[in-house]
Amino acid sequence: MAMPPFVYVILLGLVLVVYARFLPKTVSAGAGKAKSAVQEIEETIEHFAAEMDEQNQAMLDLFTKTKHDYEVELAKLAGRLESLERQKIELSRELTKQSSAELGADRTTMAETAVSISPQEVQEAHAAAESYAAADQAAQPDPEPPYTGLSMRTRYLELFALHDQGKSVEAIAKKLNMNKGEVNLILQLSRQEERTHV
């Protein structure tokens with residue numbers, strides 16, 4: 001038996017009413033979950049902030065302790081420096097007193113010695129000094145001629161031996177493990193040396 005169309009409309013309305021009753025519950029359940037997630041995030045942030053505060057306080061305490069230790073050490077060093085400066089001043093005063101006392105004693109000794117030497121002894125001492133100077137000057141040998149050094153050929157025997165055999169600059173450089181420029185320079189200096197001696 002077929003139902004009239006208005007029954008279908010009524011049944012459809014009932015289904016919608018039942019669905020609408022369940023819908024707010026699921027939305028409110030999702031909102032509750034969202035609230036709990038937000039609450040967890042807030043608690044985590046608060047916990048993180050508390051840990052950061054503790055670490056900052058620990059670092060501040062460490063810095064304060066280090067600063068205090070530094071100030072104590074600085075005060076000790078300043079006191080030690082002051083005592084060393086006082087010791088230095090005292091030692092320099094004592095040294096000045098001793099040197100002035102020794103200088104006075106030396107002057108007294110020199111004055112006593114000067115009084116005991118006669119003018120004739122002074123003249124004899126001058127004459128003796130002059131004769132010693134003359135004898136010393138006569139005993140010195142004539143100055144040696146200045147050292148001219150070894151010639152280029154003497155210094156580089158092997159190089160000039162190869163050159164005299166007719167070897168090229170490249171061959172000489174390779175054989176003696178030298179640069180070509182170095183070999184050319186030695187040969188040029190040798191020619192200049194021979195010209196100056198002639």
Item to check | From L95 atom CG to R93 atom CZ, the distance as rounded to the nearest 0.5 Å | outcome: 13.0 Å
Checklist entry - Tracing side-chain links under 4.5 Å among I, L, V, M, F, W and Y, which residues wind up in one group with L91? => result none
Checklist entry - Is the shortest distance from a Lys or Arg side-chain nitrogen in E82 or R86 to a carboxylate oxygen in the other one below 4.0 Å? => result yes
Item to check | Remaining members of hydrophobic cluster (4.5 Å side-chain criterion), L81 | outcome: none
Next on the checklist: By the side chain to side chain donor-acceptor pair (under 3.5 Å) test, which pairs, at least two apart or in different chains, include something from residues 177-188?
Outcome noted: none
Checklist entry - From H163 NE2 over to S168 OG, what is the distance, rounded to the nearest 0.5 angstrom? => result 9.5 Å
Checklist entry - Hydrophobic cluster mates of I172, side-chain heavy atoms under 4.5 angstrom, ILVMFWY only, any path? => result M152, Y156, L159, F160, L162, V169, L176, M178, V183, L185, I186, L187, L189
Checklist entry - Got a second to check how far K88's NZ is from S83's OG, nearest 0.5 Å? => result 13.5 Å
Donor-acceptor list for residues 43-65 side chains, cut-off 3.5 Å, not counting sequence neighbours:
from	atom 1	to	atom 2	distance (Å)
T44	OG1	E40	O	2.8
H47	NE2	E51	OE2	2.9
N56	ND2	M52	O	3.4
Q57	NE2	D61	OD1	3.2
T64	OG1	L60	O	2.8
K65	NZ	D69	OD2	3.4

Item to check | Qualifying residues under salt bridge (charged side-chain N to carboxylate O under 4.0 Å, His left out), relative to D164, sequence neighbours excluded | outcome: R153
Next on the checklist: Between V7 and V9, is there shared hydrophobic-cluster membership here, with clusters defined by ILVMFWY side-chain heavy atoms closer than 4.5 Å?
Outcome noted: no
Next on the checklist: Assigning hydrophobic clusters by single linkage (Ile, Leu, Val, Met, Phe, Trp, Tyr; side-chain heavy-atom cutoff under 4.5 Å), is L74 placed with V72?
Outcome noted: no
Item to check | V15 vs L11, side chain to side chain contact (heavy atoms under 4.5 Å, CB included): CA-CA, chis, key distance, verdict | outcome: CA-CA 6 Å; V15 169; L11 285 176; 5.6 Å; no
